[in-house]
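Below is one structure, written out as structure tokens, with a few remarks after it.
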Amino acid sequence: MKLHSVNLQKIKITDEFWSKHVNLVKDAIIPYQWDAMNDRIPDAEPSHCLENFAIAAGRKEGEFYGAVFQDTDIAKWLEAVGFTLAANKDPELEKTADEVIDLIAEAQQEDGYLDTYFIVKEPERRWKNLCEGHELYTAGHMMEAAVAYYQGTGKKKFLEVVLKLADLLCDTFGTEEGKIHGYPGHQEVEIGLIKLYQVTGEQKYLNLAKYFIDARGIGENYFLQEMSAPDYRNIFPEFAGYQPAYSQSDRPVREQEAAEGHAVRAVYMYSAMADLAYEYKDEELMESCERLWKNIVQKQMYITGGIGASGILERFTTDYDLPNDCNYAESCASIGLAMFGIRMANITKDASYIDTVERALYNTVLAGIALDGKSFFYVNPLEVWPDNCMDHTSKEHVKPVRQKWFGVACCPPNIARTLASLGQYIYSVGEKAVYVNLFVSNETEIEIGREEVHVSMETKFPFDSRICIKVKNVPAAGIKLALRIPAYAQSYQVCANGQQVEYQVEKGYAYLTLTEEIEVTVTFEAPAKFVRANPNVRADCGKTAIVKGPLVYCLEEADNGKNLSELFIPTDQKIEEVRSTLFGGIIQLVLKGKRMQETAWKEEELYAEHPVILSDVMLKAVPYAYWNNRGMGEMTVWVKELI
């Protein structure tokens, strides 16, 4: 039986580390993004998102503005609102969201069609450019948002809107004669359709999701057929010379050996594949998911959980190609990786998937948003020299400071919906078992059988590795408590009511059998340590990075001065962990280093025979998630190792 997440209405996060991020969603991120989508942020790129809906609804006149998928900004915002309202009732926020939903319903066409770009700008081009048009991608995000809003508020209007849209898709796409035999250029609708099936039990939505996955890469490529039509027009100039591998449509999904193409498209598709593999008991599809997951995490993933090495087309490249200063590692891609990972963990009950989910959440996802919730990274490099982040160069996509907003703003609301739904990652629930995935202080009620089991967790993780879990109202028949054993955990111990106990280990979980109320304490050591990359990762050869538990640390100019490339670190030292008030309270790392001296060099000398002279320096490192919260400056994760 597949595991499932807890009801967000019944979990309250009270965590020293995470609460400042989760609470920020309601207090700052949602209001800020609402202003952004209403074009009220000074000096920020305009959104026009709500304006497009008003024009499509006939409330005002005007022209469509923005990317072809501009509608998804408000969809993800509404999804974040739905998740937020599940845990925190807010009549004013709910009223605002209801008004947006009314607007979306007015914009919807009589047959269920819903996409403001094609309603306003090119109504005659509906479904004629699946490769670039993003109609199905947009539909998927609307579906996800409607399900979240329905589950968070119990209101059905938005759900009814997307069900009408989903019915149109079922009538439009498929194998039957007269239907379009195509599939999405940007995968996402599959996830939305599966969520609609899970909420409604309507089989046709699941079947359509399966069709979109099964049809992909079969026979003559559908997108190339589209492009051969005499009236075809490119929406994106960069799609000239289109290669089907970019959208994972060059071969059937069950035959794909490695992650390739656009990283966000890929992991969204893999997430749907995992769900479908379970629903249809499709072992071949599941094997494909496992194979693709291994390729990502073993050969194409950054130490921060970032994926997508190329700044051109936001894509995977080849195994071990992981440059640090020009990579993409889009925030959305790490969110998609976490989505894929939690699905695989819930299906296989294998905790190793959660190790990667945790890595992505604690590093790349958090780095994508400032601590005040009002600026964002789209791209997440591991090395930044602000001076060379120049327009019209190979690093023009790398920003040395977070941006107020983006013309293509998929990442900010995606981060918002992820933080708002963090409770879905903390626990997984089986028929008679509770799985502890993330170490986050919280209280929740978990339904097992007909019983409401009360579970609370207290911890100061990731800066302290002691976790106290209290379980009350345990059913008389007993339940299993499965505690994740992280790959980085040393000296892992479990105590029950103060006494150390034995446990059974299976796939990275420590299993206990509970028959009564109990207090379980998990302790382990996760000291800061030096790690190295596989030698095939050419960008990191001869370098070291520093991690503590799930946290990757970095050096910033604010602590260590300019030209971080001059630094060397001897790794035969103990790293000092120092409590700091920075960023609301962290452990800062202090270590000995060496700096290459510039004194022998004259300004006019570019190349010379001067010897390398190293001097002693003390270095400080902070969590990568918090870099660039003290102003613009250099940053690096990987540092030369002094051997």
Side-chain angles (χ1 to χ4, degrees), residues 297-307 309 319-327 329 355-356 358-360 362-364 367 380-385 462-463 465 486-490 525-578 580 586-597 612-628 633-643:
V297 301
Q298 294 176 2
K299 296 181 180 180
Q300 296 205 71
M301 183 181 74
Y302 285 90
I303 193 172
T304 54
I307 55 174
D319 292 351
Y320 303 115
D321 180 30
L322 295 166
N324 295 309
D325 63 347
C326 63
N327 63 300
D355 285 343
T356 298
E358 184 184 62
R359 181 187 297 259
Y362 274 88
N363 296 289
T364 302
N380 293 280
L382 279 74
E383 180 180 330
V384 172
W385 173 25
F463 301 124
S465 300
Y488 51 75
Q490 302 173 13
E525 295 176 7
K529 60 184 180 182
F530 297 107
V531 296
R532 300 166 187 84
N534 184 305
N536 287 299
V537 182
R538 288 153 174 80
D540 299 333
C541 266
K543 295 182 177 181
T544 186
I546 311 165
V547 300
K548 176 177 171 57
L551 293 174
V552 175
Y553 276 71
C554 68
L555 303 185
E556 284 198 278
E557 182 180 328
D559 299 309
N560 304 290
K562 289 182 175 293
N563 200 353
L564 300 179
S565 65
E566 292 179 341
L567 297 176
F568 294 77
I569 294 179
T571 53
D572 59 348
Q573 63 175 301
K574 180 177 173 56
I575 302 168
E576 184 181 358
E577 302 184 13
V578 178
S580 169
I586 63 165
I587 283 184
Q588 190 173 36
L589 305 181
V590 179
L591 58 158
K592 298 173 184 176
K594 299 279 187 178
R595 182 181 289 276
M596 182 178 170
Q597 291 298 294
V612 174
I613 302 172
L614 300 176
S615 60
D616 293 333
V617 290
M618 294 302 297
L619 304 175
K620 294 180 180 178
V622 297
Y624 172 81
Y626 297 144
W627 85 273
N628 186 239
E634 292 185 43
M635 180 276 293
T636 190
V637 168
W638 292 95
V639 184
K640 299 181 188 75
E641 182 176 0
L642 188 63
I643 300 175

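What you are looking at is a predicted structure, and each value in this text was computed from that prediction instead of being measured. Residue numbers start at 1 and run along the sequence shown.
Take E525 and apply the salt bridge (charged side-chain N to carboxylate O under 4.0 Å, His left out) test, not counting sequence neighbours, and it matches no residue. Scanning for side chain to side chain donor-acceptor pair (under 3.5 Å) contacts around N327 gives an empty result, with sequence neighbours left out. Remark: E566 engages R595 in a salt bridge (charged side-chain N to carboxylate O under 4.0 Å, His left out) (not counting sequence neighbours). Judged as a side-chain contact (heavy atoms from CB on, under 4.5 Å), and not counting sequence neighbours, the contacts of Q298 are K294. Applying the side-chain contact (heavy atoms from CB on, under 4.5 Å) rule to V297 yields the partners W293, M301, T356; only residues at least two apart in sequence or on another chain are considered. Every residue meeting the side-chain contact (heavy atoms from CB on, under 4.5 Å) condition with L322, not counting sequence neighbours, appears here in chain and number order: Y302, V537. For R532, the salt bridge (charged side-chain N to carboxylate O under 4.0 Å, His left out) test picks out E641, with sequence neighbours left out. In this structure, the side-chain contact (heavy atoms from CB on, under 4.5 Å) partners of A545, at least two apart in sequence or on a different chain, are I303, V531, V637, W638. Legend: residues meeting salt bridge (charged side-chain N to carboxylate O under 4.0 Å, His left out) with E634, ordered by chain and number and at least two apart, are absent. Scored by the side chain to side chain donor-acceptor pair (under 3.5 Å) test, D559 finds R630 as partners (sequence neighbours excluded). Every residue two or more places apart in sequence or in another chain that forms a side chain to side chain donor-acceptor pair (under 3.5 Å) with Q597 is listed here: S615.
A donor-acceptor contact shorter than 3.5 Å links the side chain of T364 to the backbone of T304. At distances below 3.5 Å, not a single donor-acceptor pair connects side-chain atoms of E556 with backbone N or O atoms of V622. Looking at K640, its side chain does come within 3.5 Å of a backbone N or O of S565 through a donor-acceptor pair. Using a distance-only test at 3.5 Å, with no hydrogens or angles considered, no donor-acceptor pair links the side chain of D540 to the main chain of N534.
Under 3.5 Å, the side chains of D319 and N536 contain no donor-acceptor pair of N or O atoms.
With a 4.5 Å cut-off on side-chain heavy atoms, L382 and V552 do not count as touching. Inter-residue side-chain proximity for L614 and L642 is flagged as met; some heavy-atom pair is nearer than 4.5 Å. The shortest side-chain heavy-atom distance between M635 and E557 does not fall under the 4.5 Å cut-off.
I546 contributes atom CD1, which lies 12.5 Å from atom CG of L551 (distance to the nearest 0.5 angstrom). The CG atom of N563 sits 11.0 Å away from atom OG1 of T636, with the distance rounded to the nearest 0.5 Å. For the atom pair CG (L591) and CD1 (I569), the distance works out to 5.0 Å, reported to the nearest 0.5 Å. From N363, atom CG reaches atom CD of E358 across 9.0 Å, with rounding to the nearest 0.5 Å. Taking SG from C541 and OH from Y320, the interatomic distance works out to 12.0 Å, rounded to the nearest 0.5 Å.
The two residues Y362 and A625 have their closest heavy-atom pair at O-CB, 3.4 Å. In terms of heavy atoms, P570 sits closest to G593 at CD-CA, 4.0 Å. Contact record, A329 with N380: O-ND2, 3.0 Å, taken as the closest heavy-atom pair. When all heavy atoms of A621 and L555 are compared, the pair lying nearest together is CB-CD2, 3.7 Å. Pairing each heavy atom of Y624 with each of P381, the nearest pair is OH-O, 2.7 Å. The shortest non-hydrogen separation linking I307 to Q300 is CG2-O, 4.0 Å.
Judged as a side chain to side chain donor-acceptor pair (under 3.5 Å), the pairs with a partner in residues 541-553 (not counting sequence neighbours) are, in order, K548-E577.
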